[in-house]
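Within every chain, numbering begins at 1; the chains are lettered A, B, ... in the order of the sequence lines, protein sequences first and strands thereafter. Excluded from the calculations below are hydrogen atoms, water molecules and symmetry mates; all remaining heavy atoms, backbone and side chain alike, are included.
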Number of protein chains: 2
Amino acid sequence: MSVPRPNPLLSDRDVDFQLYEVLDTAALCALPAFQEHSRDTFGLLLDSTRRFAREVLAPTYRPMDAAPPVFEHGRVRVHPAMRSLYANMVDLGLLTATRPPDVGGQQLPLTVHAVSSAYLMAANLSAYGYLGLTLGAAHLLEVFGTPFLREQFMAPLYRGEWTGTMALTEPQAGSSLADVKTRATPSPDGSYRLQGSKIFISGGDQDFTDNIVHLTLARIDGAEGGTRGVSLFAVPARRPEAGGFVPNDVQVAGVIHKIGWRGIPSLVLNLGESNDCHGWLVGQPGRGLACMFQMMNEARIMVGLNGVATASVAYQESLAYARERPQGRPGGTRDTARAQSPIIEHADVRRMLLRQKAIVEGGLALLLATSTQADLANHAPDEAARQRAHLLLDLLTPIAKTFPAEKGFESNALALQIHGGYGYSSEYLPEAWLRDQKLNSIHEGTTGIQGLDLLGRKAVAGGGAALQALDEEVRTTTARARAAGVEPAWSDALEDALQQASALTLELGARGMAGEVDAMLRHSADFLELFSVVAVAWRWLAQAAAAKEALARGAANDAPFYEGKLAAAQYWFAVEVPRVPLLAHLCRTGEDSYARMHPDWF
Amino acid sequence: MSVPRPNPLLSDRDVDFQLYEVLDTAALCALPAFQEHSRDTFGLLLDSTRRFAREVLAPTYRPMDAAPPVFEHGRVRVHPAMRSLYANMVDLGLLTATRPPDVGGQQLPLTVHAVSSAYLMAANLSAYGYLGLTLGAAHLLEVFGTPFLREQFMAPLYRGEWTGTMALTEPQAGSSLADVKTRATPSPDGSYRLQGSKIFISGGDQDFTDNIVHLTLARIDGAEGGTRGVSLFAVPARRPEAGGFVPNDVQVAGVIHKIGWRGIPSLVLNLGESNDCHGWLVGQPGRGLACMFQMMNEARIMVGLNGVATASVAYQESLAYARERPQGRPGGTRDTARAQSPIIEHADVRRMLLRQKAIVEGGLALLLATSTQADLANHAPDEAARQRAHLLLDLLTPIAKTFPAEKGFESNALALQIHGGYGYSSEYLPEAWLRDQKLNSIHEGTTGIQGLDLLGRKAVAGGGAALQALDEEVRTTTARARAAGVEPAWSDALEDALQQASALTLELGARGMAGEVDAMLRHSADFLELFSVVAVAWRWLAQAAAAKEALARGAANDAPFYEGKLAAAQYWFAVEVPRVPLLAHLCRTGEDSYARMHPDWF
C-alpha cells in the first residue's frame, strides 16, 4: 500500500551548508596533504555518491532486507545484487578515498569521505557495511603490515577484489577482549596456525569476491593473560600457496539471524578445526588491541555516521509523509465540510519532526566536526596542532558514536509514529530503519562502554588538556554566534553548560585519583548523556551562527532553510540544554540507587 | 543458541505486594457488587491464569510470532494453536470475569481481572488480543444492545463461541473519526445495509470460531457530518437468517503485515461490495462515538496493561540473563586469572535493570490504581463516590495508557541492550517484545491524542475537581509514607510536583478559556510526560510506604524484596521527579520552536 517516493536520504542543502557554511571544509586544502584538492574535487566524490546512492543503491534496500543471506553447504550466499553493487562502490573510489597515492588513494579529507559515505549508509546500510569493513581491514594492514602483507592482502582489498572483516569477539568473552582465547601457534614458515571460535563476524562469508581477509585477535602460545597477550593476525579465507590460493581452515559454523542489517551476514567462524588455519601476524606480538584501537576512532565515527544516516532517511520519509497525508483539522475544528489537512499542520506532528531534525542535523554536525579533528590529527603540519586535534578527536569520538545510536533510535521511532498504523507495518520502511539503528548502540563498543571510555579516559586525558581544547573551540563558536547576532542567551547557556561539565569532570577525576573508582564511574551513562547534550548544543549554535550570517547577507530566497535552522537551534536550547544541571547533579552526588541495588533485590 | 528458561512473565511476589500491601484490594469486597468475593476467590482466578500463562500460553509465543496468519482464497487462516488456546482462555472465565451474573459473569473487580490478564498478555500478546477484542465487543452489546442483539450476538461472544472486533478506522480518516464515511442504509426489516471500507481491523478474520461480530462505526444515510452523524452497528461475518446463519457481505480485502502482534491479523475489510452487508444498530443513531467512548477507559487500561506486561516479560528475561551471563570483571580489574563475573555485577547493567524495574513495577502500580478507580466508578454505593472515582479514572487513563507504551518501549530496548549482540538476533526474544510494544503508542488513540485528551479535557474536568481528587489521593499517600518513615524529601517532592502540575493546569486552562487554544495545547506531549512522572512517583511512594511498613513489621526473610522497592523508589525520585520543573517551564512559556516552524522550513 506504500507509495514509492524518491527519498533524498540526506538533505543536500543541509550537507552543503554544514560543509561550507558551518565548517570551512575547503580550508582543509591549505594543509599540505590536501593541497591537490579543492571544493571542486570534493564535489566530484560527493556528487557521484549522491547519484549512485539514490538511483542504484536505495532501490536495493528493501529486496536485500527481505532476502537475507543463506547458509548452505558450509558457505554463505548473499543477495545477488551485491556483486555489482560492491564493484560500483569500489569504482566510486570509496575504499581508498582518504588513503595516500602510494596505495592508490586520492588522499581526500575524512570529512568529505564521511559525508559522502553517509549517503550510501542511508541508502543501504548493509551494502555499505561490506565496504566499511574492508576499508578498516585494509587500513590496519596498511599501517601495521609488513611489505609482504601489504602486497598479499592489503592491495587486493584496496583494489576491491576481496573483502575484509574484523574478527574480535568470541562467544565466552563478548566485549571483554582480555578474555580472548583463540590460540596462535608459531609455524616454521613464519606464519601461525590459529585455533578458536569467533562470533558476530559481519561479512564473515559472502560469494561475490574470491577471498576474504579476517583481521583476527588471538593469543600466541605462551603469551601472558589479559589484553597484553593478545596479537593481531591476518587470516584469509583462501591462503596464498605455491603461486596460487588454497582454502584456509576457516569454517562458517553458524549464522546469527540479525533483526536488521539483513543484507550482510553475521557469522560464527571456527578457525583451525583441522588445525590448518594459517594466519600472519600484523604488528608486534601482544600489540593486537593497541593496533585495533589506533583505528578505533575512525571505526566509531563510521558507526556514528551509520546512526545519523539511518535516522536521516527515516526523518526524510516521515517529513514527506506528513506533508502529503491528510488527516483531521488542526485547531480543534470539527467542521468536516472542510477538507482534512496534511498532518504536518498538527503541532504535535511538527514537534516530532523538529525533534528528528534536531537529532539528525545536530548529529551530522557533530560527526563532521569530529571528522575534521581526525583530518587535523592526521595531517596538521605541526606536531602541537596534531596533538591538540587528537585530544579533541578522542574526546568527541565516544559522543559522536553514541549520540546518533541512542537519540537516533528515538528519532527513528518518531518517524514510525508519524506514519501511525502504517508505520507499524512492513509495507513501509520506517520499521526497517528502526531495526537497523538498534545495532549502533551495541557494536564497536556498547553505549555502556562508551560512557566508561569518555569519563574514565577521554575527558580526563592530558590532565585536562582535552577539555581545555574543547572549551577553546566552544568559545570560538560563541564568539561567532554573538557577532552574528544569534540569541545571546544560547551562547551564555552553552558556556555555562560546558563550565559545569568541566568542573564536574575535575571533581570526578579527583575522586578517581583518590581511589574511589566506583563512585567516579557510577554515572558514566549520565556523564555521556550530559556531554552529548553539550556537544550537540555547540554544533547547533554553530549552525545558528552560520544561518544568521547568511540571512544578514540577504539570502532571501533561501530564508526558509535558515529560519528552520534557527528554530531547531532554539528547540535544542529550550528542551535539551536545561537538562544539564540535572545530569550533573546525578554524577556529582553519585546517586546510589543502583549501586546499592544488590542482585538479589531485583 | 538461546537457552530456553522459564520466564515468570510478571513477578508473583510483586503482584501480590501491589494488590494486598500497596493497595487493599480485598477491601473491594465490602462493596455490595463484590460481596460474594474474597481474597480467596481472587486467588482462584489469579492462580489459574498464572499457571495457564506460563505452562500453556508462553510456549506458543515464538511459533505464533514466526508463522503469522495467512490470507488465501478470501479467508484468513491463523496459527492452528489458537483454537485450543482460545477455548482455554474462555474456560478460565476471563471473558465474563467482571460481568454480572445475568450475562453469565462472576462480577469480579476489574483490578483482579486486569492483573490476571496481564499474565496472558506477557505470555502471548496476540493470543490475548482475540479475547480482549471479544470482551470489548460483547460489553458494548451488553450495555447498549437491545434484547435481540444481546441474545443473538452478545451471548455467543460471552460464551466464547464467536469472537468480536472493533471496526472504527477507515483508510482516509485514520484517527479522525469525524471523517468516517462508511454508509448505513435503513432496510425495511429494521436492520441496515452497510457499505464502506475499514482498515487495521485486528482479528477481522480467523478460522477457529464459527462467527465474528464487528462493532462498526458508520453513517446512516442523511446523517449530519462530523462525529455526531456516526452510529454504531453490529456486523456479523455470518448473519442470522431463517433459523440459521448465512455469509454476510464482509470481505477481507487485504492483510497488513504488522511488525509485532504477529499472531493476530490486521485486516482491510470491505463491507457491502455486493450491497448485502447487514448490520444492526447498537445504541441510538448518531451516538456511535459516545457508545465507543463510554468503553474507552477500559480499553485504554487494557492497552496500558499490554505495555506493562510486554515490558515485564522482557525485564524478567534480561534480569535472568544478566545473572547468568559472565563477562568481564567489575571495578576495572584486568586480572584474567579471576573468573569473569555475571554482568549484573557491572554498575551500568544494574542501572539498566533498575530503570526497567522502575518502569515495569511503577507502571503496574499505576494501572492497578487506575483499575481500582474503575471499580469504584462502577460499583461504589453512593453517587458522589462514583462520580469522584470517575473523574480520577478519566484523569488517570491517558497516563495509564501512554506511560507503559512510551517508557515501556524504552524499557524493552534496554532489555535488548543487556543481551548485547545476542539481543540483536531473533534467536532471543527481547527483539520480538520490542516489536510488540511499539503498537501501544499507536492503537486506541496515539500518544499525541492522549496528550490532547489529558490537557484539553481530563485535567480541566469538573472545574478542577479531578485534580482536587488526585491531590487528596496523593496526600493520603504522603501521609502514609511519612508515618511509615519513608524518606520525607520524597513526600515533599511529590506534593511540590503535584502542586506545580495543578498550578500549570489552571494557567493553561485559563489560556484556553481566553481563546488561546493553540498556545494552551502546544506542549500537550510535555504536559502528559509531566503528569506521567508525577503519577508514577505517587505509585512509587505508595510502594515505598508499604515496603517500610513491612520491614517495620519485621519481614526479615523478605527484606531483599522490600529493599529493592526502596531503591527503585529512590531512583524515581532522584532521576525522574527533578524533570518536572523543566517540563512545566516548557508548557508554561509555550516555547514556540515547533509552533513557528513553517512546513517549508524543514
Engaged part of B/E563 at the chain A interface, taking heavy atoms whose separation is under 4.5 Å: both
Under 4.5 Å from a heavy atom of chain B, the part of A/L439 involved: both
Which atoms of B/A413 approach chain A - backbone, side chain, both or neither, heavy atom under 4.5 Å: both
Interface residue of largest heavy-atom contact number with chain B, from A/G564, A/S593, A/G451, A/S176, under 4.5 Å: A/S593
Distance (rounded to the nearest 0.5 Å) between B/D348 CG and A/Q450 CD: 11.5 Å
Residues B/R323 and A/D600 bridged, charged N to O under 4.0 Å: no
Rounded distance [0.5 Å steps], CG in A/L521 versus NE2 in B/H346: 12.5 Å
Backbone N/O of A/K438 and side chain of B/Q417: donor-acceptor pair under 3.5 Å: no
Derivation and outcome, ring pair (Phe, Tyr, Trp, His ring centres under 6.0 Å), residues A/F602 and B/F561: CA-CA 7 Å; A/F602 283 98; B/F561 174 80; over 10 Å; no
B/Q570 side chain to A/D592 side chain, donor-acceptor N/O pair below 3.5 angstrom: yes
Test side chain to side chain contact (heavy atoms under 4.5 Å, CB included) applied to A/T336 and B/E224, step by step: CA-CA 10 Å; A/T336 50; B/E224 64 181 300; over 6 Å; no
Options A/A568, A/A525, A/P326, ranked by heavy-atom pairs under 4.5 Å with chain B, top entry: A/A525
Selection from B/A173, B/A559, B/A595 maximising heavy-atom pairs under 4.5 Å formed with chain A: B/A173
Contact winner vs chain B - A/S426, A/G420, A/G229, A/G423, heavy-atom pairs under 4.5 Å: A/S426
N/O donor-acceptor pair under 3.5 Å between A/Q340 side chain and B/Q172 backbone: yes
Contacting moiety of A/Y562, where chain B heavy atoms sit under 4.5 Å: neither
Inter-residue atom distance B/E406.CD - A/E410.CD, 0.5 Å rounding: 9.0 Å
Evaluation steps, side chain to side chain contact (heavy atoms under 4.5 Å, CB included), between A/H419 and B/I442: CA-CA 9 Å; A/H419 282 73; B/I442 298 170; over 6 Å; no
Residue A/R13 versus chain B: region with a heavy atom under 4.5 Å: neither
CA sep, side-chain torsions, deciding dist, call: B/E427, A/H257, side chain to side chain donor-acceptor pair (under 3.5 Å): CA-CA 7 Å; B/E427 277 99 6; A/H257 296 98; 2.8 Å; yes
Most contacts with chain A, counted as non-hydrogen pairs under 4.5 angstrom, among B/E591, B/R351, B/E431: B/R351
Any donor-acceptor pair under 3.5 Å from A/R350 side chain to B/P599 backbone: no
Top contributor to chain A interface from B/G456, B/G448, B/A567 [non-hydrogen pairs under 4.5 Å]: B/A567
Heavy-atom pair of closest approach, residues B/I256 and A/S425: CG2-CB, 3.4 Å
Polar side-chain atom of B/Y424 near backbone of A/R435 as donor-acceptor pair, under 3.5 Å: yes
Interchain contact, A/T447 with chain B, by part (heavy-atom threshold 4.5 Å): both
Which of B/L586, B/D179, B/L582 touches chain A most, by non-hydrogen pairs under 4.5 Å: B/D179
Aromatic plane relationship, B/Y422 with A/F200 - under 30° parallel, 30 to 60° tilted, over 60° perpendicular: perpendicular
Structural part of A/L434 lying under 4.5 Å from a heavy atom of chain B: side chain
Residue selection (most heavy-atom pairs with chain B, distance under 4.5 Å) from A/G260, A/G254, A/G328: A/G260
Student check: side-chain heavy atoms of A/S175 and B/Q327 closer than 4.5 Å: yes
Proximity breakdown for A/I259 and chain B, heavy-atom pairs closer than 4.5 Å: both
Closest-packed option against chain B by number of heavy-atom pairs under 4.5 Å, given A/P171, A/S524, A/A347: A/P171
Region of A/K357 in contact with chain B, defined by heavy-atom distances below 4.5 Å: side chain
Engaged part of B/R325 at the chain A interface, taking heavy atoms whose separation is under 4.5 Å: side chain
Max heavy-atom pair count under 4.5 Å with chain B, selected residue of A/S441, A/A322, A/P342: A/S441
Residue B/L353 versus chain A: region with a heavy atom under 4.5 Å: both
